[in-house]
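Please read the structure below before turning to the comments.
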Amino acid sequence: MIRYYLKYRCFKMSSNSDKWLRLCFEPKELQLKGTLNGGQSFRWKQIDSEWIGVFNSKLWRIKQYEHGIEFKVYTSNDDEPLVKKQKIIESSCSTDIESIKELRDYFQLDFNLREHYTQWCKADELFNSVANDFYGIRMLKQEVLENIFSFICSSNNHISRISSMVEKLAIFYGKEICSYNGSTYYAFPTIEALNQDGVETKLRDNGFGYRAKYIANTAKIIAEKGGNKWITALQAMPYKEAKSELMTLTGVGAKVADCICLMSLAHTSAIPVDTHVYQIARHYISDMPKQKTVTDKLYQRIGDHFRKLYGPSAGWAQTVLFCADLKKFQARD
DNA sequence: GGCTTACCTTTCGG
DNA sequence: ACCGAAAGGTAAG
């Protein structure tokens with residue numbers, strides 16, 4: 001068993017509250033652009049040299065630099081419990097350590113990416129050919145609820161439109177975090193907020209199309225199954241069980257369920273087979289049937305192929321191929 | 001089990 | 001500028 005080590009160091013850039021914190025790691029462990037802009041999360045935008053986005057009900061500004069990343073985090077003040085506020089006054093560094101931990105979890109920095117890249121390069125020529133250009137692409141560990149509703153929005157849809165839909169969900173039903181640089185940022189909504197009357201109508205009026213019903217129904221189903229308790233139970237399930245549980249939700253089929261398993265439940269071998277992956281798979285599998293649609297059987301077969309090729313973290317490897325495939329068609333930057 | 005069709009709307013490309 | 005097609009699919013028959 002190989003143990004992986006990464007070096008983390010944190011220090012303040014200045015002593016006042018408006019400080020940048022640093023998270024250091026080996027080169028090529030994380031590329032912000034490929035990771036945040038690769039179609040996993042729809043809530044990040046690049047402004048000048050920094051990435052701005054929301055997760056865990058906080059606003060994060062993150063910059064890549066030579067030996068890691070620098071970041072600032074903003075929380076809404078009014079919901080901090082008194083005890084926590086006192087704690088902040090006593091020791092501002094404790095929140096810094098919490099922030100660092102949250103960020104490490106979000107980027108899953110305990111996963112040694114470079115070692116895996118080396119293995120995937122050996123295992124597969126196509127991976128090897130894109131690995132240099134698409135280094136440092138990680139799976140994020142996202143909030144489960146955001147992940148579920150984001151990918152319900154993703155069906156038959158463009159990334160640009162998905163992003164605007166997720167933003168609308170946050171604006172309509174999420175709690176305000178803060179304003180920064182002329183924009184107001186909102187947390188992703190709770191299940192209670194999404195399970196109100198009138199959600200379907202409002203979303204339909206705002207261009208969600210048939211997904212409005214999926215979202216309203218799914219919110220209802222999750223609430224009836226116990227809301228956050230259901231989420232906790234889901235997080236404890238093994239991959240197959242979690243996948244079939246997710247597929248009981250409206251608008252969640254095999255592909256979306258696998259996205260959620262991979263991107264927020266840490267099931268590293270889940271392979272979401274979409275049109276891109278299907279096209280990629282055609283290059284690998286010689287006797288691939290000429291069907292236009294992906295049947296259940298074919299879906300399974302394609303996933304198994306990549307799992308055999310890349311091993312237990314095949315989902316991570318496949319995401320790198322997906323990013324490479326995405327960028328091929330948008331080489332405008 | 002596999003195949004077809006409808007589904008909403010926006011964005012993209014010719 | 002206009003218009004058809006595609007867009008990280010799913011559900012129903």
Side-chain angles (χ1 to χ4, degrees), chain A residues 34-45 134 137 139-140 142 146-169 172 199-222 243-264 267 270-282 287-303 306 314-333:
Chain A
T35 303
L36 298 178
N37 200 27
Q40 297 182 51
S41 170
F42 304 97
R43 301 206 69 191
W44 292 94
K45 55 187 176 185
F134 297 91
I137 294 177
M139 293 311 308
L140 299 169
Q142 302 186 59
E146 175 181 326
N147 209 213
I148 289 173
F149 288 101
S150 295
F151 279 88
I152 286 176
C153 291
S154 77
S155 76
N156 213 351
N157 211 349
H158 300 264
I159 289 179
S160 55
R161 187 174 168 218
I162 302 165
S163 304
S164 77
M165 287 165 120
V166 175
E167 191 177 354
K168 281 178 191 171
L169 286 178
F172 294 161
V199 167
E200 181 179 344
T201 307
K202 174 146 183 166
L203 295 182
R204 204 167 253 283
D205 290 345
N206 280 277
F208 279 65
Y210 59 82
R211 300 166 199 82
K213 178 173 275 191
Y214 291 168
I215 289 169
N217 285 350
T218 288
K220 186 162 183 266
I221 295 169
I222 293 177
K243 181 172 174 180
S244 54
E245 179 62 24
L246 285 163
M247 287 175 72
T248 65
L249 306 173
T250 321
V252 178
K255 188 267 173 183
V256 170
D258 271 331
C259 284
I260 299 159
C261 284
L262 177 64
M263 299 174 182
S264 61
H267 296 303
I271 307 275
V273 179
D274 59 22
T275 53
H276 291 259
V277 176
Y278 183 43
Q279 293 310 317
I280 293 169
R282 302 190 78 95
D287 61 334
M288 177 74 80
K290 284 187 267 186
Q291 307 161 206
K292 200 177 165 204
T293 55
V294 181
T295 61
D296 290 352
K297 205 171 176 181
L298 190 52
Y299 187 101
Q300 186 63 36
R301 197 177 151 197
I302 292 170
F306 284 114
W316 284 60
Q318 185 275 315
T319 298
V320 178
L321 292 189
F322 178 79
C323 286
D325 204 58
L326 261 190
K327 292 299 186 294
K328 254 192 332 202
F329 301 106
Q330 40 168 255
R332 277 169 282 141
D333 47 311

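Only this structure's heavy atoms are used, side chains among them; waters, hydrogens and symmetry mates stay out. We name chains A, B, ... by the order of the sequence lines, and we start the count at 1 in each one.
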With sequence neighbours left out, write down each residue that passes side chain to side chain contact (heavy atoms under 4.5 Å, CB included) with A:Gln300, or none if nothing qualifies. A:Asp304, A:Arg307
With A:Thr295 via side chain to side chain contact (heavy atoms under 4.5 Å, CB included) - residues at least two apart: A:Gln291, A:Lys297, A:Leu298
Sequence neighbours excluded, which residues qualify as ring-ring contact (aromatic ring centres under 6.0 Å, His included) partners of [X]?
| X | result |
| --- | --- |
| A:Phe42 | A:Phe151 |
| A:Tyr210 | A:Tyr214 |
| A:Trp44 | none |

Partners meeting salt bridge (charged side-chain N to carboxylate O under 4.0 Å, His left out) with A:Arg301 (sequence neighbours left out): A:Asp287
For A:Lys168, salt bridge (charged side-chain N to carboxylate O under 4.0 Å, His left out) partners two or more places apart: none
What is the distance, to the nearest angstrom, from the [atom1] atom on [X] to the [atom2] atom on [N]?
| X | N | atom1 | atom2 | result |
| --- | --- | --- | --- | --- |
| A:Ile215 | C:dT10 | CD1 | C1' | 14 Å |
| A:Leu246 | C:dA11 | CG | P | 12 Å |
| A:Lys243 | C:dG9 | NZ | C1' | 13 Å |
| A:Ile271 | C:dG9 | CD1 | C1' | 18 Å |
| A:Ile162 | B:dC8 | CD1 | C1' | 14 Å |
| A:Leu298 | B:dG1 | CG | C1' | 13 Å |
| A:Met247 | C:dG9 | CE | P | 15 Å |
| A:Arg301 | B:dG1 | CZ | C1' | 15 Å |

Could you work out the separation of [N] and [M] based on their [atom1] atoms and round it to a whole Å?
| N | M | atom1 | answer |
| --- | --- | --- | --- |
| B:dG1 | C:dG9 | P | 24 Å |
| C:dG13 | B:dC8 | P | 15 Å |
| B:dT5 | C:dA5 | P | 15 Å |

Would you list the protein and nucleotides 4-7 of chain B atom pairs, both N or O, that sit under 3.5 Å from each other?
none

Base, sugar-phosphate alone, or nothing: which one does [X] contact when heavy atoms must sit under 4.0 Å apart?
| X | answer |
| --- | --- |
| A:Val273 | nothing |
| A:Gly207 | sugar-phosphate |
| A:Ser164 | nothing |

Keeping the roles fixed (side chain from A:Arg204, backbone from A:Ala212), state whether a donor-acceptor pair exists under 3.5 Å. no
Short side-chain to backbone donor-acceptor contact, A:Arg211 and A:Phe208, under 3.5 Å: yes
Taking both distances under 3.5 Å as the test for a Watson-Crick or G-U pair, what stems of at least three pairs does DNA chain C have? B:3-7 with C:9-13, B:9-14 with C:2-7
4.5 Å side-chain heavy-atom contact, A:Glu146 and A:Ser41: yes
For a quick test of reading the model: is some side-chain N or O of A:Thr275 closer than 4.0 Å to OP1 or OP2 of C:dG9? yes
Walk me through it: do A:Val277 and A:Phe306 pass the test side chain to side chain contact (heavy atoms under 4.5 Å, CB included)? CA-CA 10 Å; A:Val277 176; A:Phe306 284 114; 3.9 Å; yes
Which parts of residues 253-263 of chain A get close to DNA chain B, meaning a heavy atom less than 4.0 angstrom away? none
Quick one: side chains of residues 249-263 of chain A, donor-acceptor pairs under 3.5 Å with protein atoms, not counting sequence neighbours, listed by atom name and distance.
unit_1   : atom_1 : unit_2   : atom_2 : d
A:Asp258 : OD1    : A:Tyr239 : OH     : 2.5
A:Asp258 : OD2    : A:Lys243 : NZ     : 3.0
A:Asp258 : OD2    : A:Tyr299 : OH     : 2.6

Quick one: on DNA chain C, does A:Gly251 or A:Asp274 contact a more 5' nucleotide (nearest heavy atom)? A:Asp274
Along DNA chain C (nearest heavy atom to each residue), the more 5'-positioned of A:Asn157 and A:Thr250: A:Asn157
Side-chain donor-acceptor distances from residues 158-167 of chain A under 3.5 Å, at least two apart:
unit_1   : atom_1 : unit_2   : atom_2 : d
A:Arg161 : NH2    : A:Gly207 : O      : 2.7
A:Ser163 : OG     : A:Ile159 : O      : 2.8
A:Ser164 : OG     : A:Arg161 : O      : 3.0

I'd like to know if A:Arg161 reaches the base of B:dT9 with its side chain such that a donor and an acceptor end up less than 3.5 angstrom apart. yes
